[in-house]
Every structure is written in structure tokens, then in C-alpha cells.
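Remarks on the structure that follows.
Chain identifiers are assigned alphabetically (A, B, ...) following the order of the sequence lines, protein sequences preceding nucleic acid strands; residue numbering begins at 1 within each chain. Hydrogens, waters and symmetry mates are skipped; everything else that's a heavy atom, side chains included, is used. All values reported here derive from a predicted model rather than from experimental measurement.
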Number of protein chains: 2
Amino acid sequence: MTSRPAGAAAGPAAPAGPPNPRRAEILGAAAELFARRGYHGVSIGDLGRAVGLTGPALYRHFSGKEAVLAEMLLDISERLLAEGVRRAADPDPGRALDALLRWHIAFALDNPALITVHERELDNVPEPQRHRIRRLQRAYVEEWVAVLRRLHPGLRDGRTRAAVHACFGLLNSTPRSAAGLDRDAMGELLQTMARAALDAAGREAG
Amino acid sequence: MTSRPAGAAAGPAAPAGPPNPRRAEILGAAAELFARRGYHGVSIGDLGRAVGLTGPALYRHFSGKEAVLAEMLLDISERLLAEGVRRAADPDPGRALDALLRWHIAFALDNPALITVHERELDNVPEPQRHRIRRLQRAYVEEWVAVLRRLHPGLRDGRTRAAVHACFGLLNSTPRSAAGLDRDAMGELLQTMARAALDAAGREAG
DNA sequence: CGCCGATGTTAATCACCGTTAACAACCTTA
DNA sequence: TAAGGTTGTTAACGGTGATTAACATCGGCG
């Protein structure tokens with residue numbers, strides 16, 4: 001009875017198999033809506049309408065509203081961490097930090113809605129998967145902390161972690177201030193400011 | 001028929017008169033809940049329960065859920081702007097910037113929930129008052145922009161505004177990273193990082 | 001052709017939410 | 001003490017939301 005024909009998205013349970021275009025479309029629209037109005041401010045009807053469907057049609061692709069959010073956050077966290085690990089591996093901590101900054105900035109500039117949701121909506125993910133996402137998020141932070149510790153030895157642990165979080169706050173402000181500057185100018189500005197902020201954090205009161 | 005006995009909070013309409021302790025209590029609890037779960041994630045019942053009442057009791061003090069949020073945001077915006085104007089008035093732009101930073105950091109550290117709501121929930125305020133709050137928020141930003149322009153002449157306008165928003169992102173990250181550091185250490189760290197970030201923004205590519 | 005799984009739709013269910021109504025207790029005060 | 005305003009409570013109303021059920025369509029394929 002449970003013979004899934006090897007790859008087709010037969011059930012709305014598992015997010016495996018070949019990428020279903022409908023799923024991706026829904027996830028994209030959901031990101032925009034969740035970012036703009038917040039998870040609780042978006043109804044299933046809104047979600048369906050955003051991709052030209054009625055509300056209940058969504059259950060053909062996801063097991064529910066929470067599942068949409070969970071898959072979205074899981075995907076973001078995995079992408080951020082995977083590339084973060086890669087960039088943090090540079091033996092020169094200064095270059096590693098710049099590479100991390102460029103990565104995070106590019107991601108935020110290209111996916112402002114995703115970054116916003118990633119920052120705000122973790123609490124609305126049901127418990128089985130919330131822990132997994134939180135672990136990924138923490139691991140991503142740890143990549144930054146490790147690089148920063150190599151770059152500024154003698155920096156206290158709590159201070160390092162706080163500095164990284166403050167840096168994320170700076171970088172993730174992009175969606176709220178996209179006005180005026182084009183993408184490249186904005187990216188360069190954020191890189192400059194963030195690098196200066198982190199260096200200053202490492203310089204004083206180590 | 002509309003003889004309000006001069007000062008007593010007779011109707012739930014106007015937020016004037018002597019400060020009603022119940023109103024303040026509700027506003028405080030609402031700030032925590034809105035910050036943690038988002039405006040739409042908090043029900044009237046939650047709000048009442050948080051101050052030891054039932055849901056409908058709230059209507060003795062506010063005309064509705066939206067009015068709670070509106071009054072909260074209006075109050076925050078006014079407080080931020082009033083003191084911001086005062087501090088920006090220092091003729092030395094460097095001192096003015098440091099004073100602005102100290103003010104905003106102190107506010108964020110002392111009222112993490114308020115800063116979060118102020119940053120996220122403007123869209124849920126009904127239209128008569130949303131414009132007023134937005135004007136106050138913009139005026140506050142303009143104080144920062146003006147000081148930064150005095151400090152770093154030749155800085156382009158769009159870049160200045162973007163830098164200020166990025167700085168707010170950094171400072172407002174406090175509620176998401178309060179762990180580890182005590183209040184004073186955190187304040188000093190934020191001051192250091194923000195000042196370095198803004199100076200770097202003003203230094204390059206003016 | 002005729003079955004079937006995938007993908008939609010509309011109608012129905014059930015909970016919850018914001019709000020209002022109706023009623024009670026209390027405090028002041030004329 | 002009686003009246004009235006203040007601040008609660010519980011019950012009721014109308015709307016909406018998430019989810020499920022029942023039914024339609026359609027494309028591939030035996």
C-alpha cells in the first residue's frame with residue numbers, strides 16, 4: 001500500500017525526490033508573505049492565492065502550514081551552514097572572515113524575504129524539527145565565532161558570540177533599508193561596516 | 001453627555017489623563033507578548049491573562065487590540081525622537097553621535113521587547129495613526145542622518161541613510177543575543193562596534 | 001479503451017478570535 | 001443610604017482559519 005513510485009512526490013510528507021516545481025513556487029510565495037506579514041498573519045488561503053490556487057490545494061504538496069515554514073527554515077539553515085563551512089576553512093582568518101561576510105551579504109541581498117523569516121519565525125516551527133534547525137543555526141554561528149577567535153585571540157567567548165550576533169543584525173537589516181542604493185553599493189557598504197565593527201570588537205577590551 | 005470628569009480615564013478612546021496603572025500594565029505585558037509571538041500570534045485572551053484578567057476586560061481600557069499596538073508604538077516613537085533631538089543638538093558631531101548611540105543602546109537594553117515591536121509591527125497599526133508613527137520614526141532617522149552628515153561631509157545621501165539603518169540593525173540585535181554578557185559590557189560592545197561601523201561607512205567611497 | 005494516480009475544486013467541520021451584551025461587585029459621594 | 005460610575009465577569013455573535021471530505025479533471029499507460 002505504501003509503494004511510492006520511486007521519486008515522484010506521492011505524499012505531502014517527505015521533502016525528497018526530484019524537485020517539484022509547485023512546491024518551490026509555494027515556498028517562494030510563502031517566504032514573501034511570511035516576511036511581510038508574519039507567519040500568523042498569513043492564511044492558507046493567502047498562500048494558495050499567491051500561486052493561483054485555492055487554499056486546500058496546498059495540502060496536495062505540504063502536510064500543513066507549519067510544514068511549509070519548517071521546510072523553508074530547514075533549507076535556509078542548511079544552505080547558510082554548508083557554504084559557511086566552506087568559506088570558514090580558509091587558513092587565513094582575515095580572508096575567511098571576508099569570505100563569510102561576502103557570502104552572508106550576498107545571501108541577504110538576493111533573498112531578503114528568506115533572511116527575514118529565518119531571523120524571526122523559528123518559534124513557530126513545531127518541535128520535532130525546531131531542534132534540528134536550531135542546531136544548524138548554532139553551527140553556522142560557531143563557524144563565525146571560530147574564525148573570529150583565530151583572527152582576534154584573547155577575545156572572550158561571550159563577547160565574541162555577542163559580536164557575531166550584532167554583526168548578523170547589521171547584515172540582516174538589508175530587507176528594511178534596500179532603498180536608494182543598488183545591490184553592489186549596498187553589498188560593499190555592508191561589508192565595510194561589518195568588517196570594521198568586528199575588528200573594533202576584537203581590538204578593545206579583549 | 002460627554003462630560004468627562006477631567007482626567008479620569010472615563011472612555012477607552014483617548015490616551016490622556018493621569019497615568020492609569022492598569023493601562024501601563026497591559027501595555028507592558030502586550031510588549032512582551034507581541035515581541036515574542038508577533039501581533040497576530042497574541043489573542044485578546046492571552047493579553048488579559050497576562051495581567052490576571054479575562055479577555056473582554058481589556059475593552060475597559062483600550063478600544064481594541066489595534067489600539068494597544070498603536071499606543072505602544074506611538075509612545076516608543078515619541079520617546080526615541082524626543083531624546084534623540086536633544087542629543088543630536090551637541091555642536092560637536094562626534095560627541096552628538098556618541099550621545100545618540102548611548103541613548104539608543106540604553107533604550108534597547110532596557111526595553112528589548114519594545115525595540116522589537118517597534119521594528120516589526122508598524123504594518124499592523126490602523127491607518128489613521130500609522131502615518132503619525134511613521135513620521136516620528138523617519139524624523140528620528142533624520143536626526144542620525146544629519147549628525148552623520150556633519151561628521152562625514154561628502155557622504156552621499158543614500159549611503160548615509162543605509163548606514164544608519166544598518167546601524168539600527170546592529171543595535172537592535174540586542175534582544176536576540178542578550179546571553180552571556182552583562183548589561184554594561186553589552187552596551188560598551190555595541191557602542192564600540194556601531195561607532196566603528198559608522199566611521200568606516202563615512203571613510204570609504206564618500 | 002479503461003484504470004489510476006496526481007492535482008485541483010467546492011462544501012463542510014470545528015476551533016478560536018475579536019468584539020459586544022448583560023449582568024455583578026465595589027467605591028465614591030450627594 | 002441610594003445613585004452612579006468604574007471595572008470586572010460570563011455568555012453570545014459573527015467571522016475567519018486550518019483542516020478534511022467528497023467530488024471532478026486530466027494525462028499516462030496497461
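Listed pair His61(B) / dG8(D) meets the phosphate criterion, a side-chain N or O lying under 4.0 Å from OP1 or OP2. Taking only side-chain nitrogens and oxygens, Thr54(B) comes nearer than 4.0 Å to OP1 or OP2 of dT9(D). An OP1 or OP2 oxygen of dG5(C) is reached within less than 4.0 angstrom by no side-chain nitrogen or oxygen of Arg60(A). At least one side-chain nitrogen or oxygen of Arg22(B) sits closer than 4.0 Å to the OP1 or OP2 atom of dG8(D).
Partners of Glu83(A) according to the side-chain hydrogen bond (donor to acceptor under 3.5 Å, both in side chains) rule, which considers only residues two or more places apart in sequence or in another chain, are Arg86(A), Arg87(A). With sequence neighbours excluded, no residue satisfies side-chain hydrogen bond (donor to acceptor under 3.5 Å, both in side chains) with Glu32(A).
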For nucleotides 13-20 of chain C, give me one character per nucleotide, 5' to 3': B if any protein heavy atom sits under 4.0 Å from the base, S if the only such contacts are to the sugar-phosphate, - if neither. ----SSBB
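The CD atom of Gln129(A) sits 9.5 Å away from the CG atom of Leu69(A) when rounded to the nearest 0.5 Å.
Within the 4.5 Å cutoff, the side chain of His40(A) has no heavy atoms near those of the Val42(B) side chain.
Between Glu25(A) atom CD and dT7(C) atom P there is a gap of 13 Å when expressed in whole angstrom units. What separates CG of Leu58(A) from P of dT9(C) is a distance of 11 Å, to the nearest Å. Taking atom CG of Asn124(A) as the reference point, atom C1' of dA18(D) lies 15 Å away to the nearest angstrom. If you take CZ of Arg23(A) and C1' of dT7(C), they are 14 Å apart, rounded to a whole angstrom. Per the geometry, CZ belonging to Phe62(A) stands 12 Å off P belonging to dT7(C), to the nearest Å.
Rotation axes derived from the C1' atoms of the five outermost pairs at either end of the helix from dC1(C)-dG30(D) to dA30(C)-dT1(D) lie 20° apart, to the nearest 10°.
Legend: ring-ring contact (aromatic ring centres under 6.0 Å, His included) pairs involving residues 165-193 of chain B, not counting sequence neighbours, sorted by first then second residue: His104(B)-Phe168(B), Tyr140(B)-Phe168(B), Trp144(B)-Phe168(B). Contacts classified as side-chain hydrogen bond (donor to acceptor under 3.5 Å, both in side chains) and involving residues 174-183 of chain A (residues at least two apart or in different chains) are given here: Asp110(A)-Arg183(A), Arg176(A)-Glu119(B).
In this structure, the nucleotide among dG8(D), dT9(C), dT7(D) sitting nearest to the side chain of Leu53(B) is dG8(D).
At a cut-off of 3.5 Å, with distance as the only test, no side-chain donor of Thr160(B) or Asp157(B) sits close to an acceptor on the other residue.
Between the side chain of Asn111(A) and the backbone N or O of Ala113(A) there is no donor-acceptor pair closer than 3.5 Å.
The two residues Leu101(B) and Cys167(B) make their nearest non-hydrogen contact at CD2-SG, 4.1 Å.
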